[in-house]
Amino acid sequence: MNLVTLFKKLILKDNYSILRKIFNLLSLVVLSIGLITTITDLLLGFSLQAILFSGVIFIVASLCFLISAKFNKTSLASMILIFFVHDFCFPILYFNSDGMNSGMPLWMALGLVSTLLLLRGKACVIVFIINLIVTVTTIFAGYLHPEYLTPMPDQFSAIVDMLVALFSVTMAVGLFYKFSAHNYEEQQKRIISTMRKVDEANLIKSEFLSNVSHDIRTPMNAIIGYSEIARQNCDNRKKLMDCFEKINIASNHLLELIDGVLEMSRIEMGATQLLETECSIQQIINDVADVLENKMIEKHIDFQLDYSEVWEDKIICDKVKLTQVLQNVLLNAVQYSNEGGKILLSVKQPEIDDEHGIAKTEIRIKDEGCGISKDFIERIFEPFERERVAGKTEISGIGLGLSISRKLIQMMNGKIELTSEEGKGTEVFISIPLMLQTLTEIAEEVPDEEIRISGKRILVAEDNGLNREIVKDMLEAAGCIVEEAKDGSFAVDMVNLAGDGYYDLILMDIQMPIMDGYEATRIIRSFPNESLSKIPIVALSANAFPDDKKKAFDCGMDAFISKPVSSDKLARVLNIIFNSDIKKTASDEMN
């Protein structure tokens with residue numbers, strides 16, 4: 001480390017304020033002045049009093065520097081240094097150095113300039129006026145009473161003292177100027193750098209919004225278009241059902257896009273957390289494969305699984321997020337594989353750390369599809385990036401799967417890498433340190449049961465009339481009796497007036513005017529009549545993140561269903577609540 005770098009590190013740290021940097025520079029100047037004048041006074045044979053004062057200046061400057069550096073009291077240290085040096089030492093040295101026939105006028109001028117540099121606001125004005133009065137008074141006193149001035153030993157000593165003062169003050173002023181110029185240049189660089197980052201961020205935002213707009217318009221165009229075709233073919237059942245099927249596909253694609261954008265936003269804000277549970281690595285992969293089995297059958301893909309080097313199947317991880325990652329990667333492999341192609345998914349655990357209970361798990365997904373170009377590989381993990389592959393125009397996607405997967409893998413302290421060759425295929429490598437299960441049992445999932453909700457009276461609290469109608473139709477189709485409340489306050493009153501056993505369950509929207517679902521649930525749970533306060537309440541919400549679910553459960557809800565609601569999901573959750581003693585298990589059904 002050279003002297004310049006060391007100087008910057010000690011005196012001009014980036015996290016220091018401008019005032020502190022100036023104080024450090026001034027302290028360095030005063031220290032140097034005190035040291036230089038002490039040496040010159042000794043060499044020139046000045047009085048012992050002059051030598052002592054020069055030494056005291058050096059010591060006080062050192063103490064002030066310590067106060068600023070050690071206790072971060074820069075303003076206090078500045079005032080002590082200014083008052084002591086300028087208003088105490090300088091007047092004494094002025095009379096002991098032959099007044100105007102020495103370098104002291106230059107030192108006093110430097111003291112006045114330093115006051116303006118080091119202090120701000122009222123303190124600066126007050127101290128500057130005091131220093132100016134002291135300076136003028138000292139000079140006039142020396143002029144009116146020259147007998148009090150101690151003359152220089154000789155003319156040579158006076159010249160040397162003036163030259164030392166001139167050199168020191170010039171160096172100090174030059175140093176301040178260089179610092180100001182350097183600081184200005186650094187500020188300009190930071191401003192330019194910030195402007196460039198802002199421009200880049202605006203460009204990224206514009207591209208992001210453009211991609212989102214394009215991807216939203218595609219399924220929306222299908223929904224609107226097929227809705228119009230269905231309206232024109234009300235008497236053609238076959239055409240009508242075909243339109244409904246395509247509207248459903250487009251709606252699911254739109255929902256996938258919205259969920260993806262929200263997930264990316266949550267991850268970027270650091271709002272996504274890992275919810276680790278006990279599970280089976282093989283079961284997770286089997287479930288992912290089962291979901292995509294039909295797609296692989298349609299393309300006659302030879303799918304092979306290899307668990308031969310899995311030594312610890314029972315692990316602790318965020319099952320939902322790991323499933324999401326593997327599903328994203330495997331779906332890409334299926335989509336970009338050729339008819340009759342081959343996909344190999346292998347899982348290995350090369351390292352088992354029994355002491356810390358960690359299994360290093362490696363997952364490889366290799367296909368023999370069209371491959372990826374070298375240029376695209378560099379940006380494949382960027383949001384909304386999709387390669388337009390010749391002959392693969394039918395492939396759909398929102399370009400967020402791999403971006404989300406990489407961020408989730410990084411949250412798990414893992415890594416994801418991708419290698420590919422055009423025309424030969426792609427291989428994705430995922431490495432994750434997974435915690436080993438320490439408990440002897442894994443909670444069993446609630447088994448599927450025959451739907452038994454017919455005849456149940458259900459209160460639907462929902463402010464949106466269209467949503468109420470949809471849920472009501474679903475429930476009535478399943479044989480339920482449905483009553484409606486347009487906000488939480490109506491729901492509370494209807495439950496309170498209904499009496500014991502009237503309602504079997506409440507479907508409670510979260511965001512409603514006048515009274516939201518959280519407040520309504522808390523009030524119902526506080527009813528003194530236990531038969532009313534213990535009515536099962538299921539949350540209906542468009543906010544489907546973990547903290548939203550936690551808030552719903554904390555206020556007393558029994559389950560959580562995210563919108564949009566399907567009839568199968570709704571019936572499944574209600575069936576579990578009506579036919580099981582297990583509370584809150586139904587919240588998992590939203591997945």
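What you see is a predicted model, and the numbers here were worked out from it, not measured in a lab.
- Atom CD of Glu462 sits about 7.0 Å away from atom CZ of Arg468, to the nearest 0.5 Å.
- For Glu417, the salt bridge (charged side-chain N to carboxylate O under 4.0 Å, His left out) partners are Lys415, not counting sequence neighbours.
- Residue Tyr307 qualifies as enclosed at atom OH: its count of foreign heavy atoms under 6.0 Å is above 12.
- Put simply, the side chain of Arg457 reaches to within 4.5 Å of the side chain of Glu483, judged on heavy atoms.
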Could you walk me through whether Ile430 and Leu326 pass the side chain to side chain contact (heavy atoms under 4.5 Å, CB included) check? CA-CA 9 Å; Ile430 299 171; Leu326 296 177; 4.1 Å; yes
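- Side chains of Gln304 and Asp302: a donor on one and an acceptor on the other come within 3.5 Å.
- A salt bridge links Glu228 and Arg231; the closest N-O separation between the charged side-chain nitrogens and carboxylate oxygens is under 4.0 Å.
- Residues Met508 and Ile524 form a side-chain contact, since some pair of their non-hydrogen atoms from C-beta on lies under 4.5 Å apart.
- The one candidate from Val471, Leu507, Leu475 that meets the side-chain contact (heavy atoms from CB on, under 4.5 Å) condition with Val482 is Leu475.
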CA sep, side-chain torsions, deciding dist, call: Thr323, Asp287, side chain to side chain contact (heavy atoms under 4.5 Å, CB included): CA-CA 8 Å; Thr323 299; Asp287 290 344; 5.7 Å; no
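- The number of heavy atoms from other shown groups lying within 6.0 Å of OH (Tyr503) is above 12.
- To the nearest 0.5 angstrom, Cys555 atom SG is 7.5 Å from Ile537 atom CD1.
- Looking at Lys456 and Leu505, their side chains never come closer than 4.5 Å, going by heavy atoms from C-beta outward.
- Here the closest non-hydrogen pair linking Ser405 and Asn328 is OG-ND2, 3.1 Å.
- Taking 4.0 Å as the cut-off between side-chain N and carboxylate O, Asp558 and Arg525 count as a salt-bridged pair.
- Rounding to the nearest 0.5 Å places CD1 of Ile481 at 13.0 Å from CG of Leu459.
- In summary, Lys238 and Asp242 do not engage in a salt bridge, as defined by a charged side-chain N under 4.0 Å from a carboxylate O.
- Cys279 and Ile284 make their closest contact through SG-CD1, 3.8 Å (heavy atoms, listed as atom of the first residue, atom of the second, distance).
- A distance-only check finds a donor-acceptor pair linking the side chain of Lys299 to the backbone of Ser337 [under 3.5 Å].
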CA sep, side-chain torsions, deciding dist, call: Asn332, Val428, side chain to side chain contact (heavy atoms under 4.5 Å, CB included): CA-CA 10 Å; Asn332 282 343; Val428 178; over 6 Å; no
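- Side-chain contact between Ile281 and Leu322 is present, with heavy atoms from C-beta onward closer than 4.5 Å.
- Remark: the backbone N or O of Ala359 is paired with a side-chain donor or acceptor of Thr361 at under 3.5 angstrom.
- Nearest heavy-atom pair across Gly517 and Met557 is O-CE, 3.5 Å.
- Contact detail for Gly455 and Asp504: the closest heavy-atom pair is O-OD2, 4.4 Å.
- Between the CD atom in Gln188 and the CE atom in Met195 there is a gap of 10.0 Å [rounded to 0.5 Å].
- Between Met412 and Asp318, the closest heavy-atom pair is CE-O, 4.5 Å.
- Side-chain contact between Ile301 and Val334: present, with at least one pair of heavy atoms (C-beta onward) separated by less than 4.5 Å.
- The line from NZ of Lys348 to CZ of Arg364 is 6.5 Å long, rounded to the nearest 0.5 Å.
- The backbone N or O of Trp311 sits less than 3.5 Å from a side-chain atom of Gln349, completing a donor-acceptor pair.
- With hydrogens and angles ignored, the 3.5 Å screen pairs a side-chain donor or acceptor of Thr194 with a backbone N or O of Arg190.
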Going through the distances and angles, do Ile229 and Lys239 end up as a side chain to side chain contact (heavy atoms under 4.5 Å, CB included)? CA-CA 9 Å; Ile229 293 173; Lys239 189 68 175 178; 3.8 Å; yes
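- The backbone N or O of Gln511 sits nowhere less than 3.5 Å from a side-chain atom of Asp516 that would complete a donor-acceptor pair.
- Within the 3.5 Å criterion, the main-chain N or O of Asn467 finds a donor-acceptor partner in the side chain of Asn464.
- Contact between Gln282 and Val310 at its shortest, heavy atoms only, is NE2-CG1, 4.3 Å.
- Taking CZ of Arg237 as the reference point, atom CZ of Phe244 lies at 9.5 Å (rounded to 0.5 Å).
- Among Leu331, Leu330, Leu345, the single residue meeting the side-chain contact (heavy atoms from CB on, under 4.5 Å) criterion with Val288 is Leu330.
- Between Glu427 and the choices Thr419, Ile365, Asp367, the side-chain contact (heavy atoms from CB on, under 4.5 Å) rule is met once, by Thr419.
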